[in-house]
Amino acid sequence: MSRYIARRLLSIIPLLIAVSIIVFAMSKALPGDPVEIFLRQADISNPEIVAAMKDKYGLNDPLPNQYWTWLTLMFRGDMGESILRGEPVAELLFRGMRNTFSVATASVVLVVVVGWTMGVVAAVVHNRGWHQAITRFLAQAPVLMLSIPGFGIAVFMVLAFGVTLGWLPTSGVSNPRSGEDDILDLAKHLILPTIGLALASVGGNWRLARNTMIEILREDYIRMAHAKGLPLWRVYFVHGLRTTLVPLLTSAGLLFGSLLTGSFILEYIFAWPGIGLMMVESTVSRDVPVVMGGTMLIAIMYLFINLVVDILYAFVDPRVRYA
Amino acid sequence: MLSFSLIPIILTIIIAFAAPLLPISDPNRANLSVRYIPPLSEAFILGTDRQGNEVVHPERNPDLFPSSVVERYIPPVPKHYLLGGDSLGRDMLSRLIWGSRISLLIGIFANVAVVMISVFFGLLAGYLGGRVDGVIMRLVDVGLAFPGLLLALLILTVLGPSVINMAIAVILSSVPLNIRFFRGQVLTVRNAKYVEAARLLGYNNLRIMFREVLPNVMPLVITVTALNATSFFIFTAGFSLIGMGLKPPDPDWGTIMSDGLRALYEAPAVILGPTILISVLAVCFNVLGDEVQKILSPRESQL
Amino acid sequence: MILRSGAAAVAGGVGAAALAACGEAEVVEKTVTVTVTEVKEVVKEVPVETVVTKEVVKEVPVETVVTKEVIKEVPVVEVREVEVEKVVTQEKVVEVEVEKVVTQEKVVEVMAENPKADSLVIALPVTQRVDDLDGSQVYEFQTKIHAFSTSESLLLYDYQTQTLKPRLAESWEVAPDATSVTFTLREGVTWHNGDPFTPEDVVFNFNRIFRDDDPYHAEGTFYYNGFAQPFYDSTEVLDARTVRVNLNKPDALAAEKFGALDSSYMAHPPSVMEHGNREYSTDPDKYVGTGPYIPVELRPAELVRMVRNENWWGPKPDFDELIFRLFPGGSAGADARVNALLAGEVDVALYTPATRRNDLFRAPGIGAKWYPNFVLVYFYINHTFPLFQDHRVRQAVARSFDRVSYHEATSGPTVVPWGRFWFPGSPYLNDSAELDYDPAQVESLMQDAGFSKGGDGVWANGDMRAEFKIQYRGDPGSPPDQETFWMQGLNDLGFSVELEAWDPAIGADFENGPYAQQNLHVGGWGVGVFLGDPAFAYQRWTAGDDFARSYMDNAEMNQLYQDILVEADAANRTAKVHRMQEIAAEQVAWIPNTVATLGAAWREEKVTNVTSGATQYSYPWLYKVAPV
């Protein structure tokens with residue numbers, strides 16, 4: 001097992017190099033000069049200042065040198081300084097990532113709890129041949145969830161539960177009046193963004209869980225289990241569910257990876273200071289160090305989450321280890 | 001079910017193609033007098049301006065206009081705003097219809113391109129395996145490591161906003177995930193008995209890939225295409241929201257959605273139009289995918 | 001928002017003027033109504049009080065004084081809640097004025113008697129540098145608002161009265177030849193850590209702010225420095241309370257520029273030297289200022305928390321705790337601010353969007369105030385573009401924009417559509433220099449310029465067709481309704497106009513980008529009129545500065561500008577500025593238009609004294625300006 005993990009870890013290295021080259025090339029391909037954009041926004045046109053700032057950010061060196069400097073610095077944890085905000089990129093990204101992480105985690109939990117449960121229930125209902133209407137509803141409800149844009153629901157919820165009823169906070173990550181970093185306070189602030197963010201994924205996973213489980217319940221070993229006279233719950237929830245979990249796990253891993261990108265629309269609506277908003281603002285205003293650092297960070301996290309999913313896979317399914 | 005889901009899709013496509021022939025007003029014609037007019041409202045054409053454009057007002061009273069605007073008064077003619085007006089009083093019905101041309105282009109044609117590319121590489125990687133698989137999947141991993149929206153945003157920033165570039169951004173950012181998915185599906189049928197049989201018969205790989213393997217993953221291809229369509233619509237809406245959409249004032253559903261998002265609290269009807277349309281189409285695509293899957297896969301049809 | 005960064009900062013500065021002007025007008029009006037109804041009751045119920053009233057009448061206008069007594073003795077019967085608040089506001093003003101007759105110390109006492117305890121949460125949009133505590137390092141207007149509660153300048157420009165007021169300096173004097181300005185510092189001012197505020201501190205700060213080669217030069221001060229820095233020579237200490245700023249060329253506005261300029265904020269020299277500008281400004285533990293509130297917590301992009309400075313030189317600040325909650329910029333952030341206010345999560349929301357005005361007006365317990373913003377957002381016309389070389393064509397383009405219809409429909413009472421070059425109430429306002437919508441005149445101007453309409457209805461003069469682009473700044477979430485509307489208006493009047501998005505990245509490329517001279521047609525850029533300073537506007541309408549893209553150059557204009565710098569006489573200055581505006585209207589260097597809205601909305605039970613929404617100039621509910 002440890003050899004497998006080591007092998008998988010090593011396989012990430014070339015990927016990281018490839019990603020870093022693309023990130024670097026992309027940052028160079030962005031139109032416009034970040035220093036000039038910044039200075040223009042600050043109403044400065046003095047060529048000396050422009051030159052000095054370019055020197056400061058190493059923008060006058062040859063490209064390979066710039067790449068190498070950037071790469072080595074980055075692996076030492078120094079992603080440079082945000083041109084726009086003048087603070088270290090690492091701090092900036094950590095801050096954004098922390099906020100995105102909480103809502104992404106909550107979303108995955110919601111997806112697992114609601115999406116998977118409903119999917120499994122739907123499959124069992126289908127398998128037992130219950131009333132047609134219930135079966136249909138459980139099959140089509142996730143499609144509807146998938147089809148409604150999350151931000152529409154989000155805004156509706158803000159108006160209903162935040163403004164009108166006053167049950168939940170409308171925006172932000174904390175209530176400055178409630179005192180220190182209160183877990184309960186954060187949880188309250190998480191509810192609406194999480195629902196908005198996770199709605200489509202709940203639908204997707206519901207659907208996936210249902211379809212997978214239906215497939216699996218038709219497998220021979222399940223018939224065998226039935227034939228052996230095992231109790232129904234054991235057939236469904238031990239034999240059936242265990243195999244169903246494999247693709248679901250991948251799906252959840254992928255989902256978590258993609259949620260860590262942050263959803264800038266929802267972050268806009270909920271004034272959530274996450275990484276999505278930060279990346280979009282940085283890209284639009286060409287804050288290149290943040291764009292580069294952020295893209296790398298997201299890529300690295302994504303690769304590692306995939307790695308963890310793969311390793312979990314190997315635990316669940318021994319065949320993978322020797323493939 | 002099949003025809004129920006097909007009708008709205010085909011209808012939308014026909015209307016999109018026929019937009020120039022339909023008796024609808026110019027989608028870009030602003031008319032502040034009917035700004036955010038609610039759906040199903042009645043406004044009146046009270047005259048024409050110097051250029052012969054209609055001057056419209058929610059009320060029947062011609063005196064409401066400064067004489068500098070109205071060149072020729074006519075007896076008030078009612079004009080119905082079926083879907084209301086937007087922030088500049090532009091006809092939402094007309095904007096939705098014209099917008100469907102661009103949105104369908106992205107949602108259907110870019111989608112088809114995505115699926116074709118992904119199926120091709122997914123087949124190559126999944127069926128041939130070995131080094132081909134290794135190379136393709138490493139590239140896919142690299143692609144996947146970039147968050148889709150951010151990648152698309154970067155592409156659009158580099159290339160500049162336009163319909164074609166938006167399509168390129170959407171294609172490039174969603175192809176890796178699709179390849180990965182199709183490869184997985186190909187892997188499941190790769191060692192099926194009928195594939196073995198074809199191999200024993202001495203068919204070449206190309207033939208086996210496209211004649212034996214592909215038809216068996218086809219139902220999933222349809223399903224995925226349907227799912228893609230939904231996310232592409234929402235994807236493009238996101239771009240319009242951050243000012244990376246298409247060139248204003250030409251409408252697409254994404255632009256209309258982002259217009260609506262700005263006026264959410266003042267005129268919720270603006271965002272409802274495209275949202276409902278996208279949702280309905282998405283449901284249709286999903287149902288269509290399921291139905292096709294049932295037809296193509298006999299086992300599934302027992303469901 | 002069309003305005004961003006620099007533009008926004010400048011715009012904001014001017015916005016305050018608008019706020020002030022409008023706020024003032026409204027309060028006065030309402031006070032009068034209340035007074036008239038209540039005077040009789042006073043006579044009926046509290047005859048004793050009338051004696052007092054009579055005495056004071058000599059000092060202050062009658063109606064204001066009566067207001068004070070009425071509120072104290074008689075329950076207000078028919079007045080709406082909002083008006084009650086207004087009256088209370090007025091009451092305080094009166095108190096100040098009445099007490100002022102007696103002694104200065106008493107004013108402070110009176111105010112200290114009823115400080116509003118507890119906290120105030122203010123919702124702000126965040127922008128680039130969200131975390132600055134030091135006023136001299138902030139970039140943008142929104143950021144300044146909390147920096148202005150912690151740090152202070154020598155003087156204060158009061159937009160309500162359009163005069164300078166003392167702050168850290170008690171008095172000031174510009175030399176007759178306008179080559180130096182002398183400030184006399186207030187006695188007893190201390191830094192947050194107890195150090196006394198000295199003339200040496202001023203020298204350190206002025207060198208730091210206005211000298212690029214200073215080792216502690218503060219980055220981030222450039223917005224306003226462009227107007228002061230070229231004039232700055234040195235600062236010297238005259239005695240224990242006096243400093244003199246020497247200029248290298250005359251400037252009649254020296255006191256405003258060096259005393260009240262938004263960047264002339266005093267930083268604590270030992271702290272700056274020890275921690276450097278950046279840490280000093282971003283870490284509450286390292287920050288030391290003089291302001292009425294002391295920062296205690298700063299969570300970037302989330303909140304800034306401050307507590308009352310008990311040792312502030314002025315009246316006791318109103319709140320124990322001041323919290324600025326930070327929201328994203330853009331329309332979604334604005335909606336979020338309004339939602340938070342409606343839900344009671346914040347007490348004050350600034351920069352509330354016009355689209356939510358109905359929600360705010362309808363909500364119980366919410367006071368909303370809309371301030372017409374006299375930030376003129378200008379559309380520049382490139383004079384070197386062949387079509388625009390004739391000034392009549394430029395005038396025709398300017399007069400094709402139906403601002404009134406547009407703003408009435410979109411923003412209603414929140415925006416004043418303005419086609420002149422200065423805001424109402426400005427001493428420089430020139431009513432005759434206007435560029436209002438006038439289709440008939442467009443027609444005749446174009447005909448005078450030798451154009452006639454071709455078969456396609458587009459003006460043409462030989463080979464030259466009236467074809468051009470309106471270049472707009474694409475901004476997240478804001479497809480430009482205004483430009484779209486204007487484009488259509490122009491097309492209706494026989495022009496052939498297209499919109500072109502302006503990419504912030506390539507826009508900075510002045511050689512080849514869209515704002516390069518050869519590519520620019522008509523472009524929008526937000527600019528304000530800072531302190532009513534003609535110099536500011538002049539820089540925008542002449543060539544030679546990257547920021548001004550009108551490429552306009554005019555010998556008479558240049559001369560007038562040189563003249564007003566040394567013109568000490570206010571009336572003469574005004575006359576010269578009027579002449580400059582006339583030239584601008586004739587030549588149409590840029591097209592003035594008011595677009596931005598500043599609004600403040602607040603929960604009434606929490607804030608009773610909001611008269612404006614923006615800067616320290618008009619922040620009376622946070623801390624009161626010391627009486628002159």
Side-chain angles (χ1 to χ4, degrees), chain A residues 30-46 48-49 81-82 84-87 91-92 95-96 99 151 155 158-159 161-166 168-177 181 264-274 277-278 280-281 284-287, chain C residues 4-7 10 119 121 123 126 128-131 139 212 219-220 222-223 226 278 282 297 299-303 305 321 323-333 335-340 342-346 359 363 474-477 503-510 513 545-547:
Chain A
L30 282 176
D33 185 314
V35 167
E36 277 175 18
I37 297 162
F38 170 71
L39 291 178
R40 166 159 179 100
Q41 289 186 337
D43 194 14
I44 285 197
S45 51
N46 185 343
E48 281 171 28
I49 300 179
E81 213 175 64
S82 159
L84 210 61
R85 297 180 175 86
E87 73 179 292
E91 270 176 38
L92 205 69
R95 203 169 69 217
N99 290 327
F151 56 81
V155 168
V158 168
L159 281 182
F161 301 114
V163 174
T164 310
L165 296 171
L168 293 168
T170 54
S171 56
V173 287
S174 66
N175 180 357
R177 283 215 183 94
D181 269 317
F264 70 89
I265 299 184
L266 284 164
E267 285 173 11
Y268 255 133
I269 291 174
F270 289 103
W272 194 268
L277 210 55
M278 189 182 290
V280 168
E281 277 173 1
V284 169
S285 52
R286 308 295 191 278
D287 192 347
Chain C
R4 272 175 75 127
S5 52
V10 177
S119 65
V121 184
V126 301
Q128 292 172 12
R129 295 272 283 263
V130 296
D131 44 9
Y139 284 87
D212 281 335
E219 282 181 38
F222 9 67
Y223 283 156
R278 202 66 207 123
T282 53
E297 188 187 5
R299 284 188 240 159
E302 215 185 311
L303 64 88
R305 192 191 299 269
E321 191 181 47
I323 298 166
F324 291 90
R325 247 192 79 183
L326 308 176
F327 288 75
S331 55
D335 277 333
R337 287 195 293 281
V338 173
N339 289 339
L342 293 173
E345 293 164 29
V346 300
D359 288 350
D475 209 46
D503 185 322
I506 48 180
D509 176 1
F510 294 121
D545 184 287
D546 274 337
F547 204 63

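Labels below follow one simple rule: chain letters A, B, ... track the order of the sequence lines, proteins then strands, and each chain is numbered from 1.
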Chemist: Below 4.5 Å from any heavy atom of chain C, which atoms of A:Leu266 appear? Answer side chain, backbone, both or neither.
Modeler: neither
Chemist: Looking only at heavy atoms and a cut-off of under 4.5 Å, which of A:Gly172, A:Ser171, A:Gly162 has the most pairs with chain C?
Modeler: A:Ser171
Chemist: Answer whether the closest heavy-atom distance between the side chains of C:Arg299 and A:Ser174 falls below 4.5 Å.
Modeler: yes
Chemist: Under the side chain to side chain donor-acceptor pair (under 3.5 Å) test, which residues partner C:Asn339, sequence neighbours left out?
Modeler: B:Tyr265, C:Arg356
Chemist: Write down the atom of A:Val163, the atom of C:Ala343, and the distance for their closest heavy-atom approach.
Modeler: CA-CB, 4.3 Å
Chemist: Do you know which two heavy atoms are closest between A:Leu168 and C:Glu345, and how far apart they sit?
Modeler: O-OE2, 4.2 Å
